[in-house]
Every structure is written in C-alpha cells, then in structure tokens.
Amino acid sequence: MKFSDLGLNENTLKAVADVGYTEPTPIQEKAIPEILKRNDVMGIAQTGTGKTAAFTLPMIDILANGRAKALMPRTLILSPTRELATQIAECFQKYGKYQKLSMALLIGGESMVEQQKILSRGVDVLIATPGRMLDLCERGRILLRDVRVFVLDEADRMLDMGFLPDIRRICSHLPNKRQSLLFSATLSPEIEHLARAIVNNPLKITISPDKPTVEKIDQKAAMLESTNKYNFLLELLNSKADTKDFLALVFCRTKHGASKLAKRLNKDGIKADAIHGDKTQSARQKALDKFKNRAITALVATDIAARGIDVKNMNLVVNYDLPDEPETYVHRIGRTARAEADGEAVSICTRDNVKDFYAVEKFIRQNIPLYKDTQYHSESVFEDVQKMRALRAKADAKRQPQPKRVKDKDFSAESLYGERRPTVFLEREQPKN
Ligand code: ADP
Ligand code: MG
C-alpha cells in the first residue's frame, strides 16, 4: 500500500514524500480513507505507530476548501499535554506546508495574547489542552459552533490525567453535526464509554500487535540492592558514552526524584536535564530541545511529562524506578526504537519492587533477560525474582491455550512490528450504505 492509494491530494502527498515516509502505517492505511469519506473514526494502536499523521493528513485535505471566520475555528484537536500539542502543531506545519493553513495553539503556561490575536483572525486548526480550552470557551473567547472536525487524541492519557469532566464540557459547546475522531494507545471500558458520547457510528480500527510490547527493543533487567541504583545508572551511562549519537531517557517515579537525579548526573559528568509537571512550559521545551540537539545525553522524566516525546534515534530507555502500572512499562520502552530505529531498555529491579517487576513480566508475557554486565548485580534480588517467575510458570501451565487469531494477510507492517504482522480489526455498529 502506498500513500498515493489513500485518496490524499497532491500537495499533501508531496509534503509526505518530503518527510521521507515510504509506506503508511497500518493505522494510517485504515483511518485516512475513512476520514476523507467524512466518517467518524475510533483508532486504537499502540504508541509510536503514527496516529498523529493518521488524522493530520486527511484533515489537511479536508481543510483545503473554505475559510475560517473570526473566533470560530474550523477544526479542534484536544491533546493531553503541552508537548504533545506542540508535536501535533509541528505535524500540521510539516504536512501542510504546500497549503496555507492558519493555526493556533492553546496550551497552559504560554502567553495567550499572541494566540488570541491569531484566533480573532480565524483559524483552520486549533490545537489545545483541555484546561486552557475550556477556560476560553466558557468565557466566550472562542466559539466552537463552526468546528467541522473534532479530534480527541491520546484518549487513554486524557482519562488518566482526569480530564474527563473538561472534555465533556468542551463537547457540549461543539455542534452536533460534526466529524469526530478519537485516538488512543489502549482501549478500556472507560474509553468505550467516553467514545459513545463523542463519536457517532464510528469505524473502529484496532491494531493489536501479537505481543503487547515492541519487539525490536532489546529489553534487560538489572537486579540490584536499592543503595546501588545510582551507581549502576552511572556505570550504565558511562559504558555507553562512546556510542555515536547516544541518547538516554531515564524514568523516575516522582518529580522531585527526577530533578535530584538530573543534578547528580551532571555533577558526575553526564550532561542531563529533567522534565516534569512542575517545570514551566518553556523550561520543559528547553530541556527537550537540548535533548533533541544532543546538548545533553540524558533526559530524566516522569511519566506524564514524557508521554509522547518523540525524539529520533533515542538509543536507551532506563526504568530507574519501575512504573506503578505495568502498561506504563510498554509506553515507556516504546519511546525508544521509534519507527525504523532499534533500541535498548534497561529496567532496575530492587528488592522493594520485585512485585512491580513481576507485574510487568506478567503483562508482557515474557521474562526480561538479565542485565549481566554490571558489578552491582544482586544474586539475592535475582533469586526473589526467580521465585516469582516459577509461580507464574506454574499458573500459566494450568491455563487453557488461547485460540490463534486469524491475521490480515495483506498487511505489510514489518517496519513497525518486526517480523510479525499485527492483527487488524475493523468494526462498525451500523453498516454504512
Ligand atoms: P503515536 O501518536 O501513534 O504514538 P506518532 O504519530 O507520534 O505516534 O508517530 C511516531 C513516529 O513515527 C514519528 O516519529 C513519526 O514521524 C513516525 N511516522 C509516522 N508515520 C510514519 C510512516 N508512515 N512511515 C515512517 N515513519 C512514520
Ligand atoms: Mg500520538
């Protein structure tokens, strides 16, 4: 399948070619033609599978005709974080470069004066985080009556961050007659419920890889006593210092922990910065830019701040603290090995979080290989992990084997899922005629 088979216009195709994409990803292949037909879409595909272009490309086409009126944006995209909103804006700029699009970005922490000015001239594309959006909307500074396409991106993260009430209120300002698109990395009953209030008889596209983890990533786990965590990280980062273009993303559980760790690394000669929710938008963007430009080699982040960070060729993700939710593990390690690149993920397991480690292994249905190349290895922590694994193996043996799913043979997604082909499900409640 080529981009030119999807029904996109010449300008958009030219912009895609400039970016260098050769083939649409599975979610793009299914979503783009449907969006161009002006139907509602609900797209579920894991992080890093190109969901942003799946909606920006057809929207650019749809926006080719018509003009925006003052204070009445023609499309609205809600995004959970400032970073993600900024990345979406960059996509519109990149893919829409052969078409004059007016765009405004409403995100917390940034001066509103300039954006208000742009809005008052009328915008084709409005990208916003929910809080900021609702605020302006309720003060009558923006009218959503003219919104033809509404996008809720990263719906799962929106719910995690408690944006549900805001989203519902924003939706009450939208016209009933509109096209709605919802994208999410994961699907839960809460998302299904939210979707019912937003999309209307959507085509539901679910792309599920055979394993809930990205296969190209070389995953390792280090078994350590807690007191050795920092020394291990230092040893690990130093061992990579000579790797060309080396970049590491280090995950911490708390904002305070992230700041402290970045400071400590700097003292020990590793250029690092932290990114988390307590930092101002400009400080976060600055840290991210430094990372992208390779002025620092390590970026220490909390989960929410790191969500969706898209840095080309990031080689290493370190789980300095294991996540509370096993699913977060997959999101985190998915930050490396984006698109074509390979990546490595090293997780630290200490005696206190053998349980969290076990939850991760259970979720991804595999044992994470041991990181052996360290002087800090703790055999006793490793023994605890082995005991857990033995229990799990026993429980697994008791379970019934799962029936095999039939795969969509026409699908070529090796670029994203390694050798395996993802399973693609298409569903619609009422048939379209
Ligand atoms: P998601 O929102 O699904 O997590 P993104 O939209 O952020 O993923 O895309 C992840 C990465 O994949 C980005 O770096 C993007 O440039 C790249 N990408 C998107 N579409 C393609 C494609 N068709 N071919 C190659 N790379 C792509
Ligand atoms: Mg996304």
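In listed order, ligands and their atoms are each counted from 1.
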Looking at Lys51 and Asp153, is any side-chain nitrogen of the basic one under 4.0 Å from a carboxylate oxygen of the acidic one? no

On the ring face of Tyr98, is Lys14 found with NZ or CZ under 6.0 Å from the centre and within 45° of the axis? yes

So is Ala45 close enough to ligand 1, meaning a heavy atom under 4.0 angstrom away? no

For Gly48, the atoms of ligand 1 under 4.0 Å from one of its heavy atoms are 1 (P), 3 (O), 4 (O), 8 (O), 10 (C)

Any Phe183 heavy atom less than 4.0 Å from ligand 1: no

Would you indicate whether the side-chain heavy atoms of Met42 and Leu187 approach each other to under 4.5 Å? yes

Thr328 and Asp303: side-chain donor and acceptor closer than 3.5 Å? no

Report the residues that fulfil side-chain hydrogen bond (donor to acceptor under 3.5 Å, both in side chains) with Lys97, sequence neighbours left out, ordered by chain and then residue number. Asp18

Closest by any non-hydrogen atom to atom 23 (N) of ligand 1: pick that one out of Lys51, Glu154, Glu23. Glu23

Identify which protein N/O/S atoms are less than 2.8 Å from the Mg ion (ligand 2). Glu154 OE2

Arg389 atom CZ: more than 12 heavy-atom contacts under 6.0 Å: yes

Around atom CD of Glu325, are there more than 12 heavy atoms from other residues, nucleotides or ligands closer than 6.0 Å? no

